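Please read the structure below before turning to the comments.
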Amino acid sequence: MKNFEYYNPVRVIFGAGEVERCGKEAAKLGTKVCLVSYKELAFLAPLMERIERLLAAEGLSVFTFYEIEENPEITVVSAGADFCREKGVELVIGVGGGSAMDAAKAIAAGVYYEGDLWNMVYSRHSVVSAVPPERSLPTMMIPTLPATGSEMNLCAVVSNRALQEKSYIWAPCLYPKVSIIDPELTVSLPPFQTACAAADTISHVLEIYLNGEDDSDLQHYFQEGVMRTVIDNVDKVLADPKNISARSHLQWAATCAINGWASPGDAWTPIHQVGHVLTALYRVPHGASLSILMPAWMEVMAPRKPEIYVRFATNVMGVQPAGKTQQEVIGEGIAAFRAFLKRIGTPLSLTDMKVTQPDIPLIVQNVVKVSFGSDGYLACNPPVSQEDIAQVLSRVL
């Protein structure tokens, strides 16, 4: 195992109906509250009205910044920070999926940040030039999508459309003070969003499982447990959207997948680095990009670490190895995983996203620009080259 430090101060309130506590919990953190959520509220509108009432019932002043779009843009984050400063906001509450929660975190940090907010972002892995925030307004997160785990980590992902880039802010001040994780809030999710969220959750542990530290027994069992929990429950939710038990398992799996428990000292997510470029250049939905990339990535990389792919096939996908060669077990495991993604309705081809073979060099170039290290490789175990990424992309056209 690698040496590591671990710290996670987030207070979690989990369970059906717990959103009713948001007013009382917010009152402990401030009297002027900014609610951050989507520009197009759609099915979240009744929830936002409910939360506004709960906050007002505690005598809090409530300001709303409903301007967030998918893959929050740094200029919108900057506008949100300006809005909070103008209103004298003391607490920022993010309500929604990863985009809303990440935007809320970035806005809360942006209130105190001097200079261009894009400077907070780790946008070049070859030369670390980011100046992460050191201070933030307190935040509360209320997730409505079981995917990103932003409710219990120190990360926010933001985009810069002018640069066509998407990357991370990573700083201890981004940890929420409290997160209210109420699985009832996910009941109205459309099937496609539910399926893409499942793919996102799996990717958060699968990428470390396949590409991280080999000597990592507890983490590997934990990662397998997260993946099995998602696989076992997402079909139940798609069949019965009101299955609160299954939704609870999906929600907690999503939170635990990326709160650090699965990856202390070992946080390689190379498939995400490619997925972020697909989103930045072609607006491919985040979870969809991961669903498209994961099986092809596994096919390309399996020969380099066959033992972990055999373990994935048997422990996660339930492949029976008796009488089969190592290659057959691995192939059956990847095929079973691809069949699972197809069954739940996530995309498996970039062609469906209007990405074609001539686009591959530009995609690779942008992955290199943002995510490659000074050694000319994408950091993981084993390191990944430009040619590897091009090969993965060619398989999903």
Side-chain angles (χ1 to χ4, degrees), residues 6-22 25 44 47 93-102 104-105 139-155 174-189 191 193-209 218-264 267 269 286-287 290 315-316 340 344 346:
Y6 180 75
Y7 171 72
N8 194 318
V10 182
R11 180 165 164 257
V12 171
I13 300 171
F14 184 94
E18 294 291 357
V19 72
E20 289 294 317
R21 293 173 59 178
C22 70
E25 294 300 325
L44 284 185
L47 172 63
I93 302 179
V95 184
S99 293
M101 291 189 289
D102 285 358
K105 289 178 173 181
T139 61
M140 174 189 292
M141 298 296 140
I142 304 177
T144 63
L145 182 75
T148 68
S150 192
E151 63 273 10
M152 202 180 172
N153 64 38
L154 73 168
C155 181
L174 296 187
Y175 278 116
K177 295 296 183 185
V178 62
S179 288
I180 298 178
I181 305 173
D182 185 339
E184 284 187 341
L185 305 185
T186 69
V187 166
S188 59
L189 278 174
Q193 278 73 22
T194 298
C196 285
D200 195 6
T201 297
I202 289 173
S203 74
H204 288 150
V205 291
L206 177 70
E207 294 185 49
I208 303 165
Y209 182 79
L218 178 59
Q219 279 70 43
H220 283 160
Y221 283 116
F222 188 95
Q223 293 151 1
E224 289 168 357
V226 169
M227 289 187 276
R228 280 295 342 155
T229 298
V230 174
I231 292 168
D232 290 347
N233 285 280
V234 67
D235 282 319
K236 297 176 185 177
V237 164
L238 292 172
D240 178 11
K242 295 183 179 180
N243 186 330
I244 296 299
S245 174
R247 286 201 178 272
S248 297
H249 295 311
L250 289 181
Q251 185 72 72
W252 189 231
T255 300
C256 295
I258 195 168
N259 66 358
W261 293 344
S263 57
T269 55
H286 178 59
L290 301 170
N315 290 9
V316 179
F340 159 75
I344 66 174
T346 58

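Note that the structure is a prediction, hence the values are computed from the model and not measured.
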Go through the steps to decide whether W252 and V226 satisfy the test side-chain contact (heavy atoms from CB on, under 4.5 Å), and finish with yes or no.
CA-CA 9 Å; W252 189 231; V226 169; over 6 Å; no
Out of curiosity, [X] [atom1] to [Y] [atom2], how far, rounded to the nearest 0.5 Å?
{"X": "L47", "Y": "E184", "atom1": "CG", "atom2": "CD", "result": "11.0 Å"}
{"X": "H220", "Y": "I208", "atom1": "NE2", "atom2": "CD1", "result": "9.5 Å"}
{"X": "S203", "Y": "H286", "atom1": "OG", "atom2": "NE2", "result": "5.5 Å"}
{"X": "S150", "Y": "Y175", "atom1": "OG", "atom2": "OH", "result": "11.5 Å"}
{"X": "C256", "Y": "Q251", "atom1": "SG", "atom2": "CD", "result": "10.5 Å"}
{"X": "Q193", "Y": "T186", "atom1": "CD", "atom2": "OG1", "result": "12.5 Å"}

Taking all atoms of both residues into account, what is the closest heavy-atom pair of [X] and [Y], and its distance?
{"X": "I344", "Y": "A198", "answer": "CD1-CB, 4.4 Å"}
{"X": "H249", "Y": "T229", "answer": "O-CG2, 3.8 Å"}
{"X": "A257", "Y": "V205", "answer": "O-CG1, 3.7 Å"}
{"X": "D200", "Y": "A147", "answer": "OD2-CB, 3.8 Å"}
{"X": "G96", "Y": "M101", "answer": "O-CE, 3.9 Å"}
{"X": "I181", "Y": "P143", "answer": "CG1-CG, 4.1 Å"}

Close side-chain approach of [X] and [Y], heavy atoms under 4.5 Å:
{"X": "V178", "Y": "V10", "value": "no"}
{"X": "M152", "Y": "S179", "value": "no"}
{"X": "T346", "Y": "F340", "value": "no"}
{"X": "R21", "Y": "I13", "value": "yes"}

Quick one, C155 with L174, criterion side-chain contact (heavy atoms from CB on, under 4.5 Å). Give me CA distance, side-chain angles, the key distance, then yes/no.
CA-CA 7 Å; C155 181; L174 296 187; 5.9 Å; no
Does [X] use its side chain to pair, donor to acceptor, with the backbone of [Y] at less than 3.5 Å?
{"X": "R247", "Y": "P183", "answer": "no"}
{"X": "K105", "Y": "M141", "answer": "no"}
{"X": "Q223", "Y": "A262", "answer": "yes"}
{"X": "D182", "Y": "G17", "answer": "yes"}
{"X": "N8", "Y": "N259", "answer": "yes"}

Evaluate the side-chain contact (heavy atoms from CB on, under 4.5 Å) criterion for residues V237 and L250: first the C-alpha distance (whole Å), next the side-chain angles of each, then the deciding distance (0.1 Å), finally the verdict.
CA-CA 9 Å; V237 164; L250 289 181; 3.7 Å; yes
Presence of salt bridge, R11 and E25, under 4.0 angstrom
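Looking at R11 together with E25, the answer is yes, because their closest N to O distance falls below 4.0 Å.
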Please walk me through it: do S263 and Q219 pass side chain to side chain donor-acceptor pair (under 3.5 Å)?
CA-CA 6 Å; S263 57; Q219 279 70 43; over 6 Å; no
Ignoring hydrogens and angles, state whether a donor on the side chain of K177 or T139 is under 3.5 Å from an acceptor on the partner side chain.
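The criterion, which ignores hydrogens and geometry beyond distance, is not satisfied for T139 and K177.
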Is there a side-chain contact (heavy atoms from CB on, under 4.5 Å) between H204 and Y209? Walk through the geometry before answering.
CA-CA 9 Å; H204 288 150; Y209 182 79; over 6 Å; no
Flag if over 12 foreign heavy atoms under 6.0 Å of OH, Y7
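Atom OH in Y7 is not packed in, count stays at 12 or less.
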